[in-house]
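Here is the structure we will look at.
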Amino acid sequence: MAKAKFDIKSEATRSLLAGVGVADLAVEAVRDYVTDVQKTVSTLDYKPTVLREQALTVVGSRVDALTAEAKARRAAIEARVAELQGEAKALPAKVQTLVQENVATANGAYGELAKRGE
């Protein structure tokens, strides 16, 4: 059987170098992340006038959408109110027709009963 040669100095150095390699890899990843974030942040403009204009643009488009929706709802409500008003105006004529039909039916029934009674 062959004996493995174990050198404590080289094994200790090897472990230390592996730890340094891991730390270097972590530092590299953090540097890349920081560089990406800096690129993203550098494109943003934090001046109050620019922020105000951006906010007004967003709010303005939302207000326009809400205004259009409100106008559409108002038009639908006005159309429904006009429809109901038309039905309400036609109601007296419908009632009058119904009453006249019932009176004619009652008179006809009364006349038939009178003939039958003779």
Q.
Suppose we screen for side-chain contact (heavy atoms from CB on, under 4.5 Å). Which residues come up paired with T57, at least two apart in sequence or across chains?
A. none

Q. How close do A88 and P92 get, heavy atom to heavy atom, and via which atoms?
A. O-CD, 3.3 Å

Q: List in chain and number order the residues that pass side-chain contact (heavy atoms from CB on, under 4.5 Å) with E112, two or more places apart in sequence or in another chain; answer none if no residue qualifies.
A: none

Q) Just wondering, do R52 and T49 contact through their side chains at under 4.5 Å, heavy atoms? A) yes

**Q.** By side-chain contact (heavy atoms from CB on, under 4.5 Å) - contacts of V99 (at least two apart)
**A.** V95, V103

Q: Would you give the length of the straight line joining atom CG of L98 to atom CG of L91, rounded to the nearest 0.5 angstrom?
A: 10.0 Å

Q) Roughly how far, to the nearest 0.5 Å, is CD of Q100 from OG1 of T105? A) 11.5 Å

**Q.** Within residues 79-93 or reaching into it, pairs that qualify as salt bridge (charged side-chain N to carboxylate O under 4.0 Å, His left out) - sequence neighbours excluded
**A.** R80-E83

Q. Restricting to pairs with a member in residues 65-74, which pass salt bridge (charged side-chain N to carboxylate O under 4.0 Å, His left out), not counting sequence neighbours?
A. E69-R73, R74-E78

Q: If you link ILVMFWY side chains whenever their heavy atoms are less than 4.5 Å apart, which other residues fall into the same cluster as V81? By chain and number, please.
A: I77

Listing, residues 24-37 side-chain donor-acceptor contacts under 3.5 Å, not counting sequence neighbours, or none:
residue : atom : partner : partner atom : Å
T35     : OG1  : R31     : O            : 2.8

**Q.** ILVMFWY cluster membership beyond V63 - transitive side-chain contacts under 4.5 angstrom
**A.** V59

